[in-house]
Structures are given as C-alpha cells and as structure tokens.
Amino acid sequence: MKQDVHKTDILIIGCGIAGASTALEAAQSGLKVIIITKNDRLEESNTFYAQGGIVSLGPGDHPELLKEDIFQTGDGINNPEAVDILSKEGKKMVDSILIDELEIPFTRSSPETLDYAQEGGHSRRRILHIRDTTGKTIEEKFIAALKKYSNVTLLTDHTAVDLLTVPHHSKNPTSFYKESRCIGCYVLDNKSKKVKMIFAPYTVLATGGCGAVYLYTSNPKGAIGDGYAMAYQAGARIVNMEYIQFHPTSLFHRDADGFLISETVRGEGARLKTKDGQVFMEKYSDLKDLAPRDEVTRAIYEEMTNTSSNYVYLDLASYTNIEIKKRFPHIFKTCLRYGIDMTKESIPVVPAAHYCCGGVLVDDWGRSSLQGLYAVGEVSCTGVHGANRLASTSLLEGLVWGTRAAKHIASHYNPTLEYNVSEIHQWYYPEIEEETDPALINQDWISIRSTMWNYAGIIRTTKRLERARADLDYLRHRIEKFYREARMDRNVVGLKHGIQVALLITYAAIGNPVSRGSHYLKD
Ligand SMILES: Cc1cc2nc3c(=O)[nH]c(=O)nc-3n(C[C@H](O)[C@H](O)[C@H](O)COP(=O)(O)OP(=O)(O)OC[C@H]3O[C@@H](n4cnc5c(N)ncnc54)[C@H](O)[C@@H]3O)c2cc1C
C-alpha cells in the first residue's frame, strides 16, 4: 500500500500550552509547522482543565523568592539552572505572550490591578488566574491565535504512533555508522485508520502527562503518557519517572472523572472522615487536616486501605460558617450535578494521580538526548520540579520551554536532511480484517490501572513494586503480541504506550530506594 508522506520544518506532537507555545513562536519565525493532536477537539488536553492558575510575580515579589519556594517543594533535587530560567523568564513571557499578545483576561481585583492568588507552598501571592477555569481560556486563546497563521497546519484526530528514527527505520545498512536522529513520526489518522509518515528535521514532543495510567486521576482519560513511551522506544533518556504527584481530594463518583476538590476547601475548615464518620487526620499530623498535600494524601490512602474502602468523606458543612455557594461556586455546582449538596452533606473524595515530575530529559532549550527531538511541557524533565512540583508552575514551564525550544530551532534551523525518504521503511500493516475486541483492551487497562494504583502508587513497598513489575512485565509480553497482530486503531496504540509508561514508572520506583518528595516508600 502506497503511504501518505508529508514534510514540514517542524512537527509538534500535542496542542496543550507547551505545543501551542512552540507552534506560535515557530510560526512567527516563518517556519512551516504541523501540529497534531490525537483528540477530535483541538483544545482537549490537561491544559484545558487547569483550574488554579499560572505563576507570575506579584507585588513585592522577586525571582529569588520564587526559586526558594520551588527548591523547598522539590526536596533538594531540582536542576538549579532550569529553576533559574523559569523564575527569571517566566513573568516576562506571561506579560509579553499571554497578556500583551494573546490578551488573556486574567481576573483583576480592580480595573487597574491584577488579582494574584495564594497557593500552598508559595511564600507570596503570585498566581494569575481566570476565576477557576484558567487553562480553558489560555488554551482557547492560543488556538485562536494559531489559526491565523497560514504556515501552521493543525491536525486533529491524528495519533503519534512511533517516532521515526535513523538508523532504526532505515533500510540503508550504512546509516548505522551515523549518530541516531529523529526525523519525524509515524502518525495514525484515527478516522481512516491509515498511518502517515510525517518527516521533519525537528520534532517536538508536547504530549503531556500520564495520570491516566492510574485508577484514580485528575487527568483526562487521554493522558496516558504516549510521549514517554515513544521517546523511550526511540532511545531518548527518560529520568525521574518515580516522582508522580498525587492530589489528595478528587470527587469520588462514577461519572465525575476525577474532578478536583480544591485544597482551599480544607483551608476553610473542612475535615476528612472515614466512611463511618470518624475524623482521622490527628493520627497522622499535628496540623490535622491542614497538613501538607503529601501527608494528607498518604493518610487518606492508609485509611482507605485499612478499611477496604474506595473513598473517604470531606465534610465542610459541619465545620464552617462561610457562605459555601459563594466561596466555591464551581465546586458547589459540580457536586450538585452529581447529587451531592456540599452545604448539607459530606463530599466523597479519593486521592488522584495528578502530575508527573519526571520525563524526557532535556536541556535549557528543550533538546533531548536524541538528535532532532525536543520535548516540552509535562512530558519533559527540565529538572524544574525535582522530586515534587510547586503548585501552578507547570503551565509556566510549558510556556517558557515551548517558546525557548522554538527559538532554538529557528535560530539553528538547518533544512538539510541527512537521509533519503525512500530509504525509510513504510508502515507495515498485518493482514487482518476483524475489528479488535474492545473487551480485551478494557480488561488490560483495568489491570494496568489497578496495578499502578495499588502497587506503584501513593505508598510504595518493595513487595508491592516487585508484584507490579511481575504483573506488568507479563502484561507487556501479551500486549506486544496483541499489538503486532491487531488491526491498527488509536486504542491499540494507546494500550501499547500505556503499558510502557506503567513499566517506566515502576522500574524507576524500584531503582530508587530513597523516599523523597512524591516518591514514598514505607519499608
Ligand atoms: C485538573 C487539573 C488541574 C490543573 N491545574 C493546574 C494549575 O492550576 N496550574 C498549573 O500550572 N498546572 C495545573 N495542572 C497541570 C497542567 O495542566 C499540566 O501540567 C499542563 O497543562 C501540561 O501541558 P502540556 O502542554 O505539557 O500537555 P497537555 O496540555 O496535556 O497537552 C498534551 C497534548 O498532547 C496530545 N497528545 C498526547 N498524546 C498524543 C499522541 N500520541 N498523538 C498526538 N497527540 C497526542 C494531546 O491530545 C494534547 O493535545 C492541572 C492539571 C489537571 C489535570
């Protein structure tokens, strides 16, 4: 079968804040850009669901103060160079790109003054926000801006399957004598189910995080970490995957899809209770329900495990005099939609996988260890977050490194491709007529997600991790075989990537015997 072949100057995989920032900067420098997303809606991404806001610098604030807070949360293993870049360049990019260029209407405390919110771990009020739907507006403004450029092609419903690399995909045996290089990607058109080859001298991974390899997550279902899996497969260095940050309280409801209940609800006096109504936080911390995020998450998990329960309760109604509807309008409305009136009753909550601090190791300009491949945003590891992420720094990291990566590519652009397209292997389709049985895929996902939740999640032990490794290794073996024999579709690709990501996290956790930040070992 003749393959659909495309060529571009820069291929960007993912259209959240990181991919969109890269695309905007590249478009402005005149490069020809293809940006793909596996979703049918351009805006569907973790970025779209970000609630709290984006870090800037408030009045009386200083980059050095922000740096201190990032180091404190990161538990001492942050990359000082990267933290320096974020702290010094972040506010400038927020001002020039988000406020001046995209005209994002951040919430103001008065017509002249921006409203800087406070969040846990920050020593100053410095978070810009658009009420509690910051990510949605940012994402929509970026997409509207990108649509104005004729040198940008936006492709929805296109799933990146495998990075194209030489020598790996080359038919020419002498290519092995050259350094490995990424030259684009095999991309599945979700609708036609055909694989295209998109060639580019520069490929940027902006595929976001992997919370959805866990049973409970605040991330949308698609956040399964495709980028980590593809980069690993292509031979790029991946680091710090054991540092998965969990949020203590997401709504427990079969249809709520990990809706976050902000930590400010506990700040207003709410208390955590077991299913039979007992408060428990005093057993774990003198600060009780106001203990730091990690401690609260672990306490909830312990209580759930000890009582064989899937959730605990968060009770605000019994402990506050504030006007709940006015203080938490979005949370109130969302809970009510699921039949829970938080002004009268407790909210069932469960911790949720929230953010991956590790990823594809990159330098100050987003370059990975593989020539031609950049990574930006949550899929990358710049070292900014160390072992744990300071709240609201991830949108900023995507903006800063997305823009920097595009600047670097534009200023070093070399159109000479060191390969011949006809020497690259076309995609191989097994001759299969039958549609894939979705029950097989669903069951494998249930296995991956519950294994990760129970054995490689909030509280880890050597025995649990060993069990995870054994179960996941076996599953990988079966999924690889299934993948080779299955008819190509996005769910089959997702499963193959998902098992790889689960293994990356598990092996990293096994390899690190030190509890630090978001990696917690009980033994
Ligand atoms: C509920 C929630 C609240 C949050 N609140 C905040 C906050 O207030 N402040 C903050 O700083 N951070 C917050 N975060 C974290 C933050 O939203 C993310 O870290 C950030 O948006 C990641 O941006 P990104 O561009 O790297 O990835 P994403 O925004 O996740 O975008 C990934 C893109 O890659 C695409 N993609 C993935 N795989 C493929 C593939 N195989 N082929 C093609 N396309 C692919 C997706 O379709 C998507 O377009 C929150 C996260 C969640 C889930």
Side-chain angles (χ1 to χ4, degrees), residues 11-23 34-56 86 90 117 119 127-130 132-136 138-139 142-143 154-163 185-190 198 204-212 217-231 245 247 250-251 257-262 352-357 359-360 375-380 384-385 389-399 401-402 490 493-494 496-498 501:
L11 168 64
I12 301 170
I13 307 172
C15 193
I17 190 168
S21 310
T22 316
I34 294 183
I35 181 163
I36 65 166
T37 166
K38 65 180 178 178
N39 292 300
D40 55 354
R41 289 162 55 233
L42 269 174
E43 63 274 18
E44 176 63 16
S45 57
N46 275 14
T47 299
F48 187 82
Y49 297 99
Q51 299 175 346
I54 183 164
V55 163
S56 179
L86 187 90
E119 281 198 66
I127 321 293
L128 289 178
H129 61 104
I130 301 137
D132 53 0
T133 52
T134 309
K136 176 176 183 291
I138 293 182
E139 184 65 20
F142 262 112
I143 289 171
L154 296 149
L155 294 177
T156 53
D157 251 326
H158 278 68
T159 304
V161 178
D162 235 339
L163 293 171
C185 194
Y186 289 112
V187 175
L188 174 74
D189 178 333
N190 296 343
I198 305 184
V204 181
L205 271 181
T207 42
C210 58
T217 178
S218 64
N219 293 192
K221 283 269 173 295
I224 53 167
D226 300 70
Y228 308 102
M230 289 187 288
Q245 186 180 65
H247 192 285
S250 73
L251 179 58
D257 279 343
F259 176 74
L260 281 193
I261 306 293
S262 163
H354 190 49
Y355 185 82
C356 178
C357 302
V360 181
V376 293
E378 192 167 337
V379 69
S380 71
V384 160
H385 307 297
R389 176 189 70 123
L390 177 65
S392 288
T393 48
S394 38
L395 289 176
L396 187 65
E397 187 190 31
L399 175 72
W401 261 266
R490 58 176 296 182
V493 175
K496 178 171 184 277
H497 289 163
V501 175

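Sequence positions, counted from 1, serve as the residue numbers for this chain. Worth knowing before you read on, the calculation uses all heavy atoms, side chains too, and leaves out hydrogens, waters and symmetry mates. Quick caveat: nothing in here was measured; it's all calculated off a predicted structure. As the structure lists them, so they are numbered: ligands from 1, and atoms in each ligand from 1.
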Is the closest N or O pair between [X] and ligand 1 shorter than 3.5 Å?
X: Y355; value: no
X: P220; value: no
X: N46; value: yes
X: L395; value: yes
X: G53; value: yes
X: K38; value: yes
X: V376; value: no

In chain order, what residues pass the side-chain contact (heavy atoms from CB on, under 4.5 Å) check against D257, with sequence neighbours excluded? K221
Could you list the residues that satisfy side-chain contact (heavy atoms from CB on, under 4.5 Å) with T134, not counting sequence neighbours? F106, H129, I130, I138
Counting only heavy atoms, which portion of [X] has something under 4.0 Å from ligand 1: side chain, backbone, both, or neither?
X: T393; value: backbone
X: H129; value: neither
X: F48; value: neither
X: D226; value: side chain
X: E119; value: neither
X: E44; value: backbone
X: A206; value: backbone

I12 vs I34, side chain to side chain contact (heavy atoms under 4.5 Å, CB included): CA-CA, chis, key distance, verdict: CA-CA 6 Å; I12 301 170; I34 294 183; over 6 Å; no
Mark yes or no for whether S45, through its side chain, and F48, through its backbone, hold a donor-acceptor pair below 3.5 Å. yes
With a 3.5 Å cut-off and no angle check, do the side chains of Y355 and H385 form a donor-acceptor pair? yes
Side-chain donor-acceptor pair under 3.5 Å between R41 and T156, yes or no?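 Not at all, the side chains of R41 and T156 share no donor-acceptor pair under 3.5 Å.
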